[in-house]
Each structure stands twice: as C-alpha cells, then as structure tokens.
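The structure appears below as structure tokens.
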Amino acid sequence: MAKQDKESFVTEITPRSQDFSRWYLDVVRRAELADYSPVKGCMVIRPYGYAIWELIQQAFDKEFKRTGHQNAYFPLFIPESLLTKEAEHVEGFAPQVAYVTHGGGEELEEKLVVRPTSEAIFGTMYAKWIQSWRDLPILLNQWANVVRWEKVTRPFLRTTEFLWQEGHTAHETAEEAETETRMILDLYSSLSHRVLAMPVVKGQKSESEKFAGALRTYSIEALMGDGRALQAGTSHNLGQNFAKAFEIKFQARDKSVQHVWGTSWGVSTRLVGGIIMTHGDDSGLVLPPAVAPHQVVIIPIGRENWRETVLPRAKEIQAELVAAGIRVTLDERDERPGWKFSEWELRGVPIRLEIGLKDIEKAHVMIARRDTREKMSLPMDGVAPRLRELLDDIQQNLLNRALAFREEHTQRASTYDEFKAAMDGRPGFVISPWCGSADCEAQIKTETQATIRNMPIDGQSPGGTCVHCDKPAVAEAWFAKSY
RNA sequence: CGGGGCGUGGCUCAGCCUGGUAGAGCGCUCGGUUUGGGACCGAGAUGUCGGAGGUUCGAAUCCUCUCGCCCCGACCA
C-alpha cells in the first residue's frame with residue numbers, strides 16, 4: 001500500500017512510476033477484477049472482471065459470426081496419443097501439459113491431457129467430417145478454457161487456466177487458408193483498435209516464436225504503459241501439418257485426394273490485462289466505453305433527505321440513459337459522494353454524472369469524464385444523446401492517447417550500438433532490420449532481453465544490413481521486452 | 001526451474017533478533033451527527049499468527065520440512 005498525496009483520491013494503489021507490476025496487481029485487486037484462488041496459478045475472475053470479458057466476447061463473437069464462423073464445443077480432455085500425433089506440436093506443448101491419470105477410482109488405460117489448445121481434437125473430428133471439397137471450408141470457433149502449466153503466473157496475463165476463443169478452420173487450398181489467417185489477424189487488429197482502444201502492430205512471428213506445429217504465425221502486439229510489449233492475439237496458418245498428422249483428407253474437384261489446409265487463431269482473457277495496462281492510471285482502471293460494464297455512473301448528491309428530493313430525478317435520468325442504450329448504474333448506497341467518486345474512478349467508469357438539488361433547480365447535471373478528469377455542466381434536456389457523443393469521444397481519445405504513447409515509445413535503430421542505447425533508454429519498441437537468422441535473434445535476446453515481437457506485414461522493405469550482424473536484412477522487425 | 005523477498009483479523013503492516021495472556025491503522029457491525037472529492041464521535045465483532053513436524057514447562061517468536069504469493073532471470077496466450 002502506498003499513501004497518496006491529496007490530489008490523487010485513491011489510496012492503496014502503488015503509483016505506476018514507482019512499481020508498475022505492483023500497480024497492476026493493486027488495480028486488479030482493488031477494482032475487484034480478479035482474486036487469487038486456492039489453486040496455484042489459477043485466479044478467480046470476479047463479476048466486474050468477468051463483465052469486461054463478456055463485453056469483449058460479445059464484440060469478437062459478433063465478428064466471427066459475421067465472417068461466416070460457427071461456434072461449437074469440443075471436450076476438455078484429449079487422449080495423450082492424439083496430442084502426440086503432430087511432432088512439433090507435442091514438443092512445443094509437452095512441458096506445459098497437465099495430465100489426468102485416474103478416473104472413477106481407477107487408473108486410466110490411456111492418460112488424458114487437459115487441453116492446452118485444441119488442434120488435436122479438432123483435427124481428429126475434422127478427419128471424420130471431411131470427405132469432399134464440398135465439405136469445405138469448415139469454419140468453427142469455440143469459447144473455452146485451456147490449461148498450460150506455467151512457472152510464473154500473473155492475473156490475466158498468464159495463468160495456469162485461462163479463458164479464450166480458439167478458431168479452427170479447414171480449407172481446400174493453401175491460398176484460402178492464408179486468406180483466412182490474415183483476415184482473422186485484420187479482424188483482431190480492428191477489434192483491438194475499435195473496441196479495446198488498444199493499438200496493435202500486425203505482423204508475422206519469427207520462426208522461433210511461431211506456434212508449435214504451424215507453418216507460420218501472425219500476431220498482434222500491443223505496447224503497455226511500462227514500455228513492454230504484450231502479444232494480444234495470434235493467428236496461425238497451419239498449412240497441411242495437422243492435416244497430415246490427423247489424416248484430414250478430401251477428394252478434390254480434380255478427383256485427386258488431398259490434405260486440407262488449416263488455420264487456428266485465438267485471443268484470451270489476457271486482453272483484460274492489456275486494457276488495464278494500456279489505459280490505467282494512478283487512480284486505477286480506465287475503461288474504454290465499449291468494454292465498460294457501467295458506462296455512466298449516476299451519483300445523487302444531497303444533504304439530509306436526498307432520497308426524497310434527488311433520487312426520483314436521478315432515476316428518471318437513469319431511465320432516459322437506459323432507453324438510449326447506455327449502460328448506466330445509479331449508486332444509491334449510503335456513502336458520501338466523495339467516497340463514491342473515488343470508488344468508481346478506481347473501477348474505471350468512463351463518465352460520472354452528479355445530480356443534486358442545485359442541479360435540479362438549474363435543470364442541469366455535472367459530468368466528469370474519467371479519461372481527462374474534465375468536469376462540465378450539461379443541460380438535463382437532451383443529456384442522453386450528449387452522453388452518447390461523449391462516450392464516443394472518450395473511446396476515441398483513449399485510442400489516440402495510446403497511439404501517441406506508442407509513437408513516443410517506438411524508436412528505430414540500424415546499428416547494434418543504437419539498438420542497445422534505444423533499449424536501455426526509453427522502454428518500448430525498437431524497429432530494426434534483421435537478417436532472419438535465429439542465432440542473431442537469440443543473441444540479441446540474451447544480450448538485451450528484447451525479442452522480435454513480429455515483422456509487420458505492411459512494413460517498409462528493410463534494405464541495409466542486420467542490426468546485429470552484417471548480413472543483408474530480410475525483414476524489418478519490431479523488438480521489445482515482452483510480457 | 002535458479003537467485004532474492006514476504007506469509008500475523010477483510011486490507012496494509014507492527015510484534016520475531018532477546019520464547020511468557022496476539023496488537024495498530026484502515027475496513028466491517030450497531031447508534032448518533034454528517035453528506036458537491038475517500039467525514040466525525042461512541043460502542044462492538046473478527047485471528048487454528050500459511051501448513052506439518054520438532055526443541056521447550058511454555059513457540060507468532062528458535063530448528064526442520066512443506067505450501068503459497070511477490071520481484072529478477074530461463075520457458076509461454
């Protein structure tokens with residue numbers, strides 16, 4: 001706990017500048033987003049945190065459906081033999097897999113793995129369902145929990161069990177699979193910007209960072225408030241790797257028998273952590289209106305009998321806002337207004353609406369926006385459409401602010417000296433040409449802790465030589481220390 | 001998994017070195033006064049001191065083991 005000066009109204013939150021990690025944990029705890037559970041590495045997502053996740057889910061799910069995907073549900077358990085079918089896949093996930101060895105009081109003949117991801121089980125079922133090119137494409141998604149045994153965990157950012165969405169598709173041609181992979185990447189990027197107000201860099205992962213078993217992996221990478229990067233979503237072109245391992249075959253238009261081309265892609269509850277670390281400040285959470293469980297909180301102000309004098313009018317305004325499609329809550333608890341202000345700021349509610357007798361007399365209300373802390377007076381008449389606009393403005397402002405932050409924390413380096421200076425200086429992205437060698441990548445990581453986050457698809461052509469060695473560069477890579 | 005730190009009421013922590021009836025602030029409950037930026041007064045409730053073993057007449061305190069959390073590194077959505 002850190003005592004604050006009088007100007008920041010919240011106590012028990014460590015200032016960001018003092019200790020970013022602690023600040024993050026304080027916000028998660030104080031805003032009641034999540035709590036530690038009795039199980040190591042597993043958190044309980046509390047109602048407020050879960051409400052944010054539900055809004056994220058809704059926004060993403062809508063886009064998946066719009067682009068032709070259907071939801072389904074596949075089992076939590078996967079027979080060990082299935083997971084081991086794709087060699088690179090097993091190797092990648094083996095250290096993180098949890099096993100079920102007993103059931104019904106007896107030892108199982110074949111161990112079951114608790115899914116760390118579901119390519120194996122989707123692949124197995126796709127092999128049964130696909131016979132003809134007419135069965136393609138198959139475009140499925142599932143919202144599920146997965147388990148990966150992690151050594152170091154942090155709420156939302158890395159937990160042993162986490163919630164996510166995983167899309168699994170099968171296509172007739174390589175081109176279609178690549179189109180799907182890239183389309184999803186674009187969709188993730190667009191949702192990140194529009195809904196989470198979290199700018200991301202779209203790009204391809206290096207060979208060493210790609211998904212185990214994929215042909216290639218694309219990711220969206222966001223920059224957190226402490227200058228570290230967060231992988232916020234991945235989209236994999238699986239090629240025919242899983243199709244061959246699971247014998248997912250179909251008879252093509254030319255009568256030949258071929259393997260399907262697969263993709264898989266996912267975003268997780270990690271996005272909640274991304275929102276916290278992108279927008280939050282020393283007073284707590286700052287939520288983009290699109291994912292704020294309460295977009296407006298109404299706080300009645302009054303002396304003795306505010307319940308009689310102010311509350312009825314507050315309820316009318318609440319009804320007006322609800323009718324306008326705004327998520328609004330009225331805080332009529334017996335607490336002092338100042339206490340409520342702090343409490344809702346800590347929870348990141350975008351707009352606070354204060355209404356007291358003075359306001360009712362003048363037929364206006366007091367408004368305070370969370371992002372800029374600006375206060376203003378608005379006429380009661382037409383308050384709903386005005387707040388609607390204000391919410392849009394806050395959403396846009398948060399994105400702009402995050403974009404500006406990323407600009408300030410993105411540097412270019414063409415020599416290794418410049419690179420190291422940049423990494424030691426202002427934390428953030430450093431864009432540099434790279435030769436494509438895993439050795440260079442590994443050495444840079446050892447020496448600076450920075451990794452290649454990705455290589456932007458629409459990035460500039462590199463030119464010149466690798467930032468680490470003197471071989472010609474093959475790509476322009478975005479480096480950063482990452483979560 | 002290595003290095004470091006920490007586990008005492010819901011939260012933040014004191015007490016441990018030097019063993020002897022478990023404490024503070026905040027929060028919570030009740031009553032009252034209050035209410036436009038985290039109010040005040042009064043009265044209360046809340047603890048197997050993370051867990052297990054040991055040493056001792058006696059352990060929050062000493063010893064051993066163990067579990068969990070945090071920070072820094074190696075692996076990952």
Side-chain angles (χ1 to χ4, degrees), chain A residues 1-4 6-14 19-22 24-26 29-30 32 35-43 92-97 116-117 145-166 188 205 208-212 217 219-222 230-236 264-274 283-284 299-307 310 333-346 352-359 365-366 368 373 375 377 442 445-446 449 451 481-483:
Chain A
M1 174 172 136
K3 281 288 173 202
Q4 310 286 295
K6 304 288 183 291
E7 276 147 36
S8 60
F9 305 108
V10 176
T11 53
E12 292 184 18
I13 295 184
T14 306
D19 185 339
F20 194 84
S21 287
R22 192 162 292 277
Y24 175 80
L25 294 167
D26 286 345
R29 177 175 53 84
R30 289 278 290 127
E32 298 183 351
D35 201 354
Y36 295 104
S37 77
V39 185
K40 178 182 165 66
C42 295
M43 64 173 174
F93 279 102
Q96 291 186 279
V97 162
T117 179
N145 58 339
V146 286
V147 167
R148 297 182 187 176
W149 221 255
E150 297 286 354
K151 296 182 173 159
V152 179
T153 58
R154 315 182 73 186
F156 293 110
L157 300 176
R158 177 169 297 107
T159 46
T160 299
E161 177 189 10
F162 58 95
L163 304 183
W164 76 345
Q165 126 318 278
E166 50 180 324
Y188 282 168
K205 283 289 193 183
S208 63
E209 299 258 343
K210 74 164 199 205
F211 176 74
T217 290
S219 73
I220 51 170
E221 304 279 338
L230 183 77
Q231 179 172 302
T234 47
S235 184
H236 317 291
S264 68
W265 28 274
V267 296
S268 71
T269 35
R270 175 179 270 189
L271 291 178
V272 177
S283 297
I299 299 182
I301 310 287
R303 294 201 166 74
E304 302 94 50
N305 49 350
W306 60 272
R307 283 186 185 278
V310 178
R333 289 176 297 177
D334 273 323
E335 298 287 353
R336 300 166 70 85
W339 186 87
K340 293 179 182 176
F341 294 174
S342 302
E343 196 67 12
W344 291 109
E345 273 166 15
L346 170 61
R352 177 178 76 236
L353 187 155
E354 303 169 27
I355 176 166
L357 278 179
K358 279 186 259 174
D359 304 298
V365 291
M366 285 304 296
R373 297 193 170 273
K375 292 184 191 180
S377 171
K445 184 176 179 181
T446 308
Q449 291 174 34
T451 51
K481 293 174 189 169
S482 75
Y483 274 95

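Keep in mind it's a predicted model, so treat the numbers as computed, not measured. Here is the naming used below: chain letters follow the sequence lines, and residue numbers restart at 1 for every chain.
- Across the protein-nucleic acid pair, A/R22 atom CZ and B/C6 atom P stand 12 Å apart, rounded to whole Å.
- Here A/Y483 does not reach the OP1 or OP2 of B/A77: none of its side-chain N or O atoms lies under 4.0 Å away.
- Remark: P of B/C72 and CZ of A/R154 are 7 Å apart, rounded to the nearest angstrom.
- Look at the P atom in both B/U21 and B/G58: the space between them is 15 Å, to the nearest Å.
- No hydrogens or angles were tested; on distance alone, nothing pairs the side chain of A/R352 with the base of B/G36 as donor and acceptor under 3.5 Å.
- On the C1' atoms, B/G7 is 15 Å away from B/G15, given to the nearest whole Å.
- Across the P atoms, B/G10 and B/C6 are found 22 Å apart, a figure rounded to whole Å.
- With a cut-off of 3.5 Å on both Watson-Crick or G-U wobble distances, the partner of B/G73 is given as B/C1.
- At a threshold of 4.0 angstrom between heavy atoms, the contacts of A/G41 are confined to the sugar-phosphate backbone, with no base atom among them.
- Across all strands, A/K205 comes closer than 4.0 Å to no nucleic acid atom at all (heavy-atom distances).
- The side chain of A/K40 places an N or O atom within less than 4.0 Å of a non-bridging phosphate oxygen (OP1 or OP2) of B/C69.
- The gap from the C1' atom of B/G47 to that of B/A60 amounts to 11 Å, rounded to the nearest Å.
- Going from atom CD of A/E343 over to atom C1' of B/U35 covers 17 Å, rounded to whole Å.
- Using a 4.0 Å heavy-atom cutoff across all strands shown, A/L357 reaches at least one base atom of the nucleic acid.
- Residue contacts for A/D359: at a heavy-atom cut-off of 4.0 Å it reaches a base atom on one of the strands shown.
- The base-pairing partner of B/U29, taking Watson-Crick or G-U wobble contacts with both distances under 3.5 Å, is B/A43.
- By the ring pair (Phe, Tyr, Trp, His ring centres under 6.0 Å) test, A/F211 is found to be paired with A/H89, A/F93, A/H236, residues two or more places apart in sequence or in another chain being considered.
- Put simply, the side chain of A/M43 does not reach to within 4.5 Å of the side chain of A/S37, judged on heavy atoms.
- Residue A/K445 places none of its side-chain N or O atoms closer than 4.0 Å to OP1 or OP2 of B/G73.
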Contact list (N/O, under 3.5 angstrom) for nucleotides 29-34 of chain B vs protein:
residue: B/U34; atom: O2; partner: A/R336; partner atom: NH1; Å: 2.9

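- Checking the phosphate oxygens (OP1, OP2) of B/G73, a side-chain nitrogen or oxygen of A/Q449 falls inside 4.0 Å.
- Proximity note for A/E335 (side chain, C-beta onward) versus B/C28, B/C71, B/G38: the nearest is B/C28.
- Between A/E343 atom CD and A/R352 atom CZ the span is 12.5 Å, to the nearest 0.5 Å.
- Residue-level contact check: A/Q231 touches the backbone only, with heavy atoms under 4.0 Å from sugar-phosphate atoms and none from bases.
- One cannot find a donor-acceptor pair under 3.5 Å joining the base of B/G36 and the side-chain atoms of A/K375.
- For B/G9, there is no paired nucleotide, since no Watson-Crick or G-U wobble pair has both relevant distances below 3.5 Å.
- In this structure, A/A232 and A/V39 both approach RNA chain B, and ranking their closest nucleotides by distance from the 5' end singles out A/V39.
- Taking atom CD of residue A/E354 and atom P of nucleotide B/U35, one finds them 16 Å apart after rounding to whole Å.
- Nearest nucleotide to the side chain of A/P155, out of B/C70, B/A77, B/U12: B/C70.
- With rounding to the nearest 0.5 Å, the separation of OG in A/S268 from CD in A/Q231 is 9.5 Å.
- If you check every strand for non-hydrogen atoms under 4.0 Å, A/L25 touches sugar and phosphate atoms only.
- Evaluation of the salt bridge (Lys or Arg N to Asp or Glu O under 4.0 Å) rule for A/D35 yields no partner, not counting sequence neighbours.
- B/G58 is unpaired under the Watson-Crick or G-U wobble criterion, no partner having all donor-acceptor distances under 3.5 Å.
- Residue A/K358 is classed as a base contact, given a heavy-atom separation below 4.0 Å to a base.
- Within the nucleic acid shown, A/V267 has no heavy atom closer than 4.0 Å to any nucleic acid atom.
- Across all strands, A/T159 comes closer than 4.0 Å to base atoms (heavy-atom distances).
- Phosphate proximity of B/G37 to A/S342: absent, as no side-chain N or O sits under 4.0 Å from OP1 or OP2.
- Stacking between A/F341 and the base of B/G38 is absent under the criterion of ring centres within 5.5 Å and planes under 30 degrees.
- Rounded to an integer number of Å, the gap from CZ of A/R29 to C1' of B/G27 is 12 Å.
- Pair assignment for B/C16: none, as no Watson-Crick or G-U wobble contacts are both less than 3.5 Å.
- Rounded to whole Å, the separation between the C1' atoms of B/C17 and B/C63 comes to 15 Å.
- Here B/A52 sits opposite B/U64 as a Watson-Crick or G-U wobble pair (both hydrogen-bonding atom distances under 3.5 Å).
- Taken from CG in A/D359 to CD in A/E354, the straight-line distance is 7.5 Å, to the nearest 0.5 Å.
- Rounded to the nearest 0.5 Å, atoms OG (A/S219) and CD (A/E209) are 9.0 Å apart.
- Taking the C1' atom of each, B/C72 and B/C49 are spaced 29 Å apart, rounded to whole Å.
- Residue contacts for A/G356: at a heavy-atom cut-off of 4.0 Å it reaches a base atom on one of the strands shown.
- Under the rule for a ring pair (Phe, Tyr, Trp, His ring centres under 6.0 Å), the partners of A/F162 that lie at least two apart in sequence or sit in another chain are A/W164.
- Under the rule for a ring pair (Phe, Tyr, Trp, His ring centres under 6.0 Å), A/Y483 has no partner lying at least two apart in sequence or in another chain.
- In this structure, CD1 in A/I13 is found 11.5 Å from CG in A/L25, a value given to the nearest 0.5 Å.
- Every residue meeting the salt bridge (Lys or Arg N to Asp or Glu O under 4.0 Å) condition with A/E150, not counting sequence neighbours, appears here in chain and number order: A/R158.
- Side chain A/E345 to base B/G37: a donor-acceptor pair is found below 3.5 Å.
- Of all nucleotides listed (B/A77, B/G73, B/C71), B/G73 comes nearest to the side chain of A/V152.
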